Engineer: 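Submitted below is the structure of interest, expressed as structure tokens.
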Amino acid sequence: MTVRTRVAPSPTGDPHVGTAYIALFNLAYARQHGGQFLLRIEDTDQARSTAESEQSIYDSLRWLGLEWDEGPDVGGSCGPYRQSERGDIYKEHINILLEKGHAFKCYRTNEELEELRSQKQEQGGYSALKFSDLRLSEEEQAKREAAGDSYVVRMHVPEEGVCTFKDELRGEIEMEWAMIDCQILMKSDGMPTYHLANVVDDHLMEITHVIRGEEWLSSAPKHQLLYKYFDWQMPTLIHMPLLRNPDKSKLSKRKNPTSILYYKRMGFLPEALLNYLGRMGWSMPDEREQFTRDEMFEHFDIGRVSLGGPIFDQEKLSWLNSQWLRDLSEEEFVQRFVDWGLDKSALMPVVQHVQPRVERLSDVVPLTSFLLSGMLDVTEQQFEHKKIEKDELVKLLQMGLWQLEAIRHWEKPEIQKRLFALAKIKELKPKEFLQPFFVAIAGTTQSFSVLDSMEVLGPDMSRARVRHAIEVLGGVSKKGMKKLEKEYRSVSSQIDEALAE
């Protein structure tokens, strides 16, 4: 048997360090067994998927040294490797399940589903919905079908008993079927859900080992059932421990930068970041901290993975990066710095903003130093505003951050439209509204356009600096965040309406 592993990211935002973490262990396992590693793009969420995000996945994984044997951009015998191009394959397999009675069309509305769940919760049991809960009378089913009502396709799931499956790191695991929903397999728009596409693709792409995050453990019974329904052999399951913040919570952008591009922009060496990800839940036989990718592959043993939640600590990463930097020769150090910060392709977008403002070449560095910096050393005093109190500044920055996170195509016109729309709703002039963003992004209000600066910096660093500014100003409490999220929902809908006009 040839070992075949895969990673399957969604192109819906900045490429996540969690994706690189899972990709690394899949690649290491494949290389250690002389097998193949595949990249599959899970872009069934057409509303959020973008070509830019997909390209960022390719660029960031290759920057780290994670190469794939088959994928959308390199081809292979099991393509297409982009799920949006596999629609007919999923429909064919949905029809097989429907014909065999392993799936059913569900015409229940969202309101009905909420009511059904509420009833089950009141009864004191699990809220998982079964066929007996969802079933309509034959007359009502026929009526809704004749009317052309929208429906989803759900899988049949046992209503009682226990499901047993094996995880390579944890052994036998049992889950009660009563906990598990009749999972949606095909959405009302005809697109498959993760669960169907994942199983069908893994089988047709001959994946032998599924190495993924432990958040998917609860989905294993559904996947095992689908393999049984299709009469296929299920791959070996290996669920990796989740990366965690220092407070032990799941790694999230609210508490830790999660974009691979952020770490590239900060000046971390790809070897160091990959080394650090390799240390997440795994160790070399001799326990040394610093090792190369190929050294990891040579000594890799999945049995050495620790199930304790690995802590993603930026201070430890910075220390490890410093060791890699110090190991460089002086010539190598200079070349790495030039490649990182003084590359022509990186400088060209800046020239149009700087050239009209300088009298001497020595003026360039003071004007552009914030573009080559990481997190800026800003203080609360720098954010003082003539018209806006500190608490309101925090709210504006947080709402502005949410607007920045909603941008699919990171371009100045899109940034401007969203931030200016928020300023209008808040009844602020653009200059008044943008002042705290100038300080957050450039460390001063005496800089060229903050909108241009954000376009040059890119989404990962721009968002990270706004988050940093919010923390400098005291942040938002859990209680305050819930209140602010409620207020923002109203503001966001107004902005969406304004942008649609």
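FYI, the numbering just counts along the sequence from 1. Predicted, not measured: the structure shown is a model, and the values here were computed from it.
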Engineer: Give the intermediate values and the outcome of salt bridge (Lys or Arg N to Asp or Glu O under 4.0 Å) for residues Lys417 and Glu414.
Structural biologist: CA-CA 5 Å; Lys417 277 194 300 183; Glu414 187 66 21; 3.5 Å; yes

Engineer: Please determine whether salt bridge (Lys or Arg N to Asp or Glu O under 4.0 Å) holds for the pair Arg108 and Glu115, giving the CA-CA distance in whole Å, both sets of side-chain angles, and the decisive distance to 0.1 Å.
Structural biologist: CA-CA 11 Å; Arg108 290 286 191 173; Glu115 179 62 26; over 6 Å; no

Engineer: How far apart are the C-alpha atoms of Leu24 and Tyr21, what are their side-chain angles, what is the distance that settles it, and do they pass the side-chain contact (heavy atoms from CB on, under 4.5 Å) test?
Structural biologist: CA-CA 5 Å; Leu24 172 60; Tyr21 164 66; 5.9 Å; no

Engineer: Taking the side chain as every heavy atom from C-beta outward, state whether Leu499 and Arg418 have any pair of such atoms under 4.5 Å apart.
Structural biologist: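 Yes. Closest side-chain heavy atoms under 4.5 Å.
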
Engineer: Determine whether Arg293 and Glu271 satisfy the following criterion, salt bridge (Lys or Arg N to Asp or Glu O under 4.0 Å), listing intermediate values before the conclusion.
Structural biologist: CA-CA 7 Å; Arg293 182 200 66 171; Glu271 303 96 319; over 6 Å; no

Engineer: Side chains of His209 and Arg4: do they bring a donor and an acceptor to under 3.5 Å?
Structural biologist: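 The criterion, which ignores hydrogens and geometry beyond distance, is not satisfied for Arg4 and His209.
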
Engineer: Got Glu67 and Arg62 here, is their nearest side-chain heavy-atom distance under 4.5 Å?
Structural biologist: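 Yes, at least one pair of side-chain atoms sits under 4.5 Å.
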
Engineer: Let's go through Glu140 and Arg144 carefully: what are the C-alpha distance in whole Å and the side-chain angles of both, what is the deciding distance for salt bridge (Lys or Arg N to Asp or Glu O under 4.0 Å) to 0.1 Å, and is it a yes or a no?
Structural biologist: CA-CA 6 Å; Glu140 182 62 24; Arg144 296 190 185 191; 2.7 Å; yes

Engineer: Looking at every heavy atom in both Arg154 and Cys106, which two are closest together, and how far apart are they?
Structural biologist: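 Of all heavy-atom pairs spanning Arg154 and Cys106, the closest is NE-SG, 3.5 Å.
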
Engineer: In terms of side-chain heavy atoms, does Tyr194 have a donor or acceptor partner in Glu42 at a distance below 3.5 Å?
Structural biologist: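 The criterion, which ignores hydrogens and geometry beyond distance, is not satisfied for Glu42 and Tyr194.
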
Engineer: Look at the rings of Tyr229 and His102 and say which category their plane angle falls in: under 30° parallel, 30 to 60° tilted, over 60° perpendicular.
Structural biologist: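 Plane angle under 30°, so parallel.
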
Engineer: Would you check if there is a donor-acceptor pair between the side chains of Asn95 and Glu99 at a distance under 3.5 Å?
Structural biologist: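 Checked: Glu99/Asn95 side chains show no N/O donor-acceptor pair below 3.5 Å.
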
Engineer: Given the rule in the side-chain contact (heavy atoms from CB on, under 4.5 Å) test, do Gln183 and Leu196 qualify, once you have shown the distances and angles that lead to the verdict?
Structural biologist: CA-CA 9 Å; Gln183 179 64 50; Leu196 175 76; over 6 Å; no

Engineer: Looking only at side chains, do Ser132 and Glu159 share a donor and an acceptor under 3.5 Å apart?
Structural biologist: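 Indeed, the side chains of Ser132 and Glu159 share at least one donor-acceptor pair under 3.5 Å.
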
Engineer: Please check if any side-chain donor atom of Gln119 sits under 3.5 Å from a side-chain acceptor atom of Gln123, or the reverse.
Structural biologist: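 Note: Gln119 and Gln123 side chains miss the donor-acceptor criterion.
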
Engineer: Is there side-chain contact between Val7 and Phe37, with heavy atoms separated by less than 4.5 Å?
Structural biologist: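 Heavy-atom side-chain distance check passes, below 4.5 Å.
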
Engineer: Indicate the ring-plane relationship of His223 and His195, choosing parallel, tilted or perpendicular according to the 30° and 60° boundaries.
Structural biologist: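 If you compare the ring of His223 with that of His195, the planes turn out tilted.
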
Engineer: Do other residues, nucleotides or ligands put more than 12 heavy atoms under 6.0 Å from the CE atom of Met1?
Structural biologist: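 Count over threshold, so yes.
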
Engineer: Counting only N and O atoms by type, is there a donor-acceptor contact under 3.5 Å from the side chain of Trp68 to the main-chain atoms of Tyr58?
Structural biologist: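 Pair absent, no side-chain N/O of Trp68 close to backbone of Tyr58.
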
Engineer: Going through the checks in order, is the side-chain contact (heavy atoms from CB on, under 4.5 Å) test met by Tyr276 and Val17?
Structural biologist: CA-CA 11 Å; Tyr276 189 66; Val17 290; over 6 Å; no

Engineer: Determine yes or no for a side-chain-to-main-chain donor-acceptor pair under 3.5 angstrom, with Lys187 supplying the side chain and Thr193 the backbone.
Structural biologist: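 Looks like no, no N/O pair under 3.5 Å.
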
Engineer: Which residue, Lys483, Gln403, Gln398, forms the side chain to side chain donor-acceptor pair (under 3.5 Å) with Tyr488?
Structural biologist: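 Testing each of Lys483, Gln403, Gln398 against Tyr488, the sole residue satisfying side chain to side chain donor-acceptor pair (under 3.5 Å) is Gln403.
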
Engineer: Do Tyr81 and Asp201 pair up side chain to side chain, a donor and an acceptor below 3.5 Å, judged on atom types alone?
Structural biologist: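 Result is no, nothing qualifies.
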
